[in-house]
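Below: the structure, in structure tokens.
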Amino acid sequence: MMAVLLHFGVLIAAFLSSHVEGKRDPILYCGACRALVDELLYEIRKVNPKKTVDVGSFRISPDGTQEQNKVPLAKSELYLTEVLEEVCEKMNDYGLYVDPTTQEKSYKRFAPRDNEGIGSVDFKNFQFNPEESNSLKYACERVVEEHEDEVLSVITKETDNLADKLCTEETGLCKESLHNEL
């Protein structure tokens, strides 16, 4: 009898654990999405806008022609896929920022990029925790994994308000009331 109860308890625990997904931290995932867009836009700005890549079918039609189009390299799926593979490594440059006035939490970049100075970053309002940057990196990887098609679609087609379009409208990771800047 005891073995049957134990077996039944294990089955219930296994069933419940397979159907319960951990609750996501909305600030973390919204921050990861916005940081992802910020880093993608930075990488796109670094590419020479005159560089293009051939896209389209590599099949030859019956009349002997080949259908190909030229698109800007920075907006090509090939280039963006390469950038997406590395972009989450840059989440270590972001920290949890607490707005001194509203106490609203968001993730912001604190580390300068290649030729930028430190500028007017107010470090006293950042909460630096190595586990937080690992969590942000993990959340970024999950966003890329779960929403890669939406990321590519928005980045290749849209030009304005990419963070809002992707993070609020397409993926629902950010609520509209959350903060709009990085």
Side-chain angles (χ1 to χ4, degrees), residues 13 15-47 74-75 79-182:
F15 175 76
L16 290 176
S17 68
S18 68
H19 290 355
V20 174
E21 185 177 317
K23 186 172 178 169
R24 290 185 174 185
D25 178 356
I27 295 170
L28 178 67
Y29 278 84
C30 178
C33 186
R34 290 186 175 281
L36 170 71
V37 171
D38 183 48
E39 292 301 325
L40 282 171
L41 291 176
Y42 176 73
E43 292 298 323
I44 288 170
R45 283 191 300 267
K46 289 183 352 183
V47 175
K75 295 284 185 158
Y79 176 75
L80 292 172
T81 301
E82 287 178 15
V83 171
L84 279 175
E85 288 177 10
E86 304 293 324
V87 75
C88 294
E89 295 298 322
K90 297 181 178 158
M91 296 300 114
N92 292 333
D93 295 343
Y94 290 79
L96 185 62
Y97 178 82
V98 180
D99 186 288
T101 309
T102 64
Q103 297 304 305
E104 183 179 336
K105 293 180 180 181
S106 62
Y107 283 87
K108 287 190 176 188
R109 186 176 179 86
F110 64 83
R113 291 193 168 108
D114 300 332
N115 56 0
E116 295 176 346
I118 291 181
S120 61
V121 176
D122 187 4
F123 288 103
K124 69 180 177 184
N125 293 317
F126 278 94
Q127 296 177 355
F128 293 104
N129 180 349
E131 289 178 19
E132 283 292 326
S133 65
N134 288 336
S135 296
L136 188 64
K137 179 182 173 190
Y138 175 75
C140 175
E141 290 168 349
R142 291 279 308 263
V143 170
V144 169
E145 181 181 315
E146 294 173 8
H147 302 286
E148 183 174 4
D149 292 339
E150 291 95 332
V151 171
L152 292 173
S153 175
V154 168
I155 296 291
T156 57
K157 294 178 184 161
E158 301 291 326
T159 56
D160 296 325
N161 303 319
L162 291 175
D164 289 336
K165 179 79 174 160
L166 179 67
C167 303
T168 303
E169 295 175 27
E170 294 290 326
T171 64
L173 293 169
C174 297
K175 302 292 181 222
E176 293 197 31
S177 63
L178 281 179
H179 192 303
N180 287 339
E181 64 181 74
L182 258 181

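- Between Phe123 and Phe126, the angle of the ring planes lies from 30° to 60°, which puts this pair in the tilted group.
- In this structure, the side-chain hydrogen bond (donor to acceptor under 3.5 Å, both in side chains) partners of Asn125, at least two apart in sequence or on a different chain, are Asp122.
- Look at Asp38 and Arg113 and you find a salt bridge, because one of the NZ, NE, NH1 or NH2 atoms lies within 4.0 Å of a carboxylate O, short of that distance.
- In this structure, Glu148 has no salt bridge (Lys or Arg N to Asp or Glu O under 4.0 Å) partners at least two apart in sequence or on a different chain.
- With rounding to the nearest 0.5 angstrom, the CD1 atom of Ile155 is 7.5 Å from the CG atom of Leu36.
- The two residues Tyr94 and Arg109 make their nearest non-hydrogen contact at CD2-N, 3.3 Å.
- Atom CG of residue Leu40 and atom OH of residue Tyr79 lie 9.0 Å apart, to the nearest 0.5 angstrom.
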Please lay out, stage by stage, how Arg34 and Asp164 fare under the test salt bridge (Lys or Arg N to Asp or Glu O under 4.0 Å).
CA-CA 8 Å; Arg34 290 186 175 281; Asp164 289 336; 2.9 Å; yes
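- In this structure, Val144 and Cys88 approach most closely via the heavy-atom pair CG2-SG, 4.0 Å.
- Ser153 places no side-chain N or O within donor-acceptor distance of the main-chain N or O of Asp149, the cut-off being under 3.5 Å.
- The nearest pair of heavy atoms linking Leu80 to Ala74 is CD2-O, 3.5 Å.
- Ala32 and Cys140 make their closest contact through CB-N, 3.6 Å (heavy atoms, listed as atom of the first residue, atom of the second, distance).
- With sequence neighbours excluded, the residues that form a side-chain contact (heavy atoms from CB on, under 4.5 Å) with Gln127 are Leu96, Val98.
- Rounded to the nearest 0.5 angstrom, Ser106 OG and Leu28 CG are separated by 12.0 Å.
- Judged as a salt bridge (Lys or Arg N to Asp or Glu O under 4.0 Å), and not counting sequence neighbours, the contacts of Glu89 are Lys137.
- Rounding to the nearest 0.5 Å places OH of Tyr29 at 11.0 Å from OH of Tyr107.
- In terms of the side-chain contact (heavy atoms from CB on, under 4.5 Å) criterion, residue partners of Thr171 (sequence neighbours excluded) are, by chain and number, Cys33, His147, Leu166, Leu173.
- When all heavy atoms of Ile27 and Asp25 are compared, the pair lying nearest together is N-OD1, 3.1 Å.
- Applying the salt bridge (Lys or Arg N to Asp or Glu O under 4.0 Å) criterion to Glu170, with sequence neighbours excluded, gives Lys165.
- The pair Arg142-Glu145 fails the salt-bridge criterion, with no side-chain N (NZ, NE, NH1 or NH2) lying under 4.0 Å from an Asp/Glu carboxylate O.
- Atom CG of Leu136 and atom CG of Asp93 lie 10.5 Å apart (nearest 0.5 Å).
- To the nearest 0.5 Å, the span separating NZ on Lys157 from CG on Leu152 amounts to 10.0 Å.
- The SG atoms of Cys167 and Cys30 do not sit under 2.5 Å apart.
- Of all heavy-atom pairs spanning Phe110 and Asn92, the tightest one is CZ-O, 3.4 Å.
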